[in-house]
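Only one structure is covered here, and it is reproduced in the block below.
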Amino acid sequence: SQQGEEDPQALSIQEGENATMNCSYKTSINNLQWYRQNSGRGLVHLILIRSNEREKHSGRLRVTLDTSKKSSSLLITASRAADTASYFCATEPLRQGGSEKLVFGKGTKLTVNP
Amino acid sequence: GAGVSQTPSNKVTEKGKYVELRCDPISGHTALYWYRQSLGQGPEFLIYFQGTGAADDSGLPNDRFFAVRPEGSVSTLKIQRTERGDSAVYLCASSFRRTGELFFGEGSRLTVL
């Protein structure tokens with residue numbers, strides 16, 4: 001089963017614009033992560049935000065987490081054509097004794113037009 | 001190697017055949033995961049190993065699927081009596097810690113005719 005759900009399913013923007021993707025999830029979590037996947041390739045980790053954090057930055061990426069609303073957003077600033085990819089949020093459900101698996105959403109397909 | 005290695009990268013088989021997919025994780029990573037990804041979907045969890053033991057196999061869809069990691073490094077995902085619905089990309093990932101960032105391989109694309 002997939003816990004996270006990204007919104008929108010697809011996003012098309014011009015180079016230089018900002019891209020915002022949202023993720024909603026259902027259960028309490030230890031952390032939330034964002035991954036990127038180029039077409040036909042494996043996933044690459046972008047950023048991890050823990051349940052006690054509200055915002056995190058990494059280069060042109062900004063992630064927010066609102067545990068009361070069970071939602072997160074990923075902002076890519078000053079987008080480039082090379083940012084074209086699918087972006088997935090993944091949650092680590094909170095379980096007694098610690099949790100081990102990441103549960104992925106269906107992803108947002110981002111296209112950045114040159 | 002530097003990253004997670006998966007073989008074969010592509011496998012085409014006939015319905016009813018047996019298939020093995022191999023994953024070679026990053027050296028020193030104790031946690032190993034198998035996911036399955038269908039077209040247009042996110043990765044779906046199958047099984048997680050901590051060392052040699054399967055710590056969580058709740059994602060295996062049925063008893064045709066089995067995975068092993070006998071020495072705590074390389075893992076093999078085994079699918080018996082393949083069905084057309086098994087067609088997907090099978091992704092392997094490893095991690096140094098139980099929680100945190102996963103490092104994914106490029107996947108094995110399985111096509112069942």
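None of the values given here were measured: they were computed from a predicted structure. Only this structure's heavy atoms are used, side chains among them; waters, hydrogens and symmetry mates stay out. Labels below follow one simple rule: chain letters A, B, ... track the order of the sequence lines, proteins then strands, and each chain is numbered from 1.
- Of the possible donor and acceptor atoms, none in the side chain of Tyr48(B) sits under 3.5 Å from a partner among the backbone N and O of Leu102(A).
- By the 6.0 Å contact criterion, CD on Glu20(B) is enclosed, its count of non-hydrogen atoms from other residues, nucleotides or ligands being greater than 12.
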Would you be so kind as to tabulate the donor-acceptor pairs closer than 3.5 Å made by side chains of residues 5-16 of chain B, with sequence neighbours excluded?
unit_1, atom_1, unit_2, atom_2, d
Gln6(B), OE1, Cys92(B), N, 2.9
Gln6(B), OE1, Gly107(B), N, 3.0
Gln6(B), NE2, Tyr90(B), O, 2.9

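- Glu106(B) contributes atom CD, which lies 4.0 Å from atom CZ of Arg41(A) (distance to the nearest 0.5 angstrom).
- A continuous path of Ile, Leu, Val, Met, Phe, Trp and Tyr side chains, each step under 4.5 Å between heavy atoms, connects Leu60(B) with Phe49(B), placing both in one hydrophobic cluster.
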Checklist line | Residues Phe88(A), Gln37(B); criterion side chain to side chain contact (heavy atoms under 4.5 Å, CB included); working and verdict | finding: CA-CA 12 Å; Phe88(A) 295 91; Gln37(B) 187 176 26; 3.6 Å; yes

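- In this structure, the side chains of Phe103(B) and Val44(A) stay at 4.5 Å or more apart for every pair of heavy atoms.
- In this structure, Glu101(B) CD and Ile47(A) CD1 are separated by 11.0 Å, a value rounded to the nearest 0.5 Å.
- The ring of Phe104(A) has its center no closer than 6.0 angstrom to the ring center of Phe45(B).
- More than 12 heavy atoms of other residues, nucleotides or ligands sit less than 6.0 Å from atom CG of Leu113(B).
- Here the shortest heavy-atom pairing between Lys101(A) and Ser58(B) reads NZ-OG, 3.3 Å.
- Of the atoms belonging to Gln37(A), it is side-chain heavy atoms, and not backbone ones, that fall under 4.5 Å from chain B.
- Within a 6.0 Å sphere centred on CD of Glu71(B), heavy atoms belonging to other residues, nucleotides or ligands number 12 at most.
- Tracing side-chain contacts under 4.5 Å through hydrophobic residues (I, L, V, M, F, W, Y), one reaches Ile13(A) starting from Tyr87(A); they form part of the same cluster.
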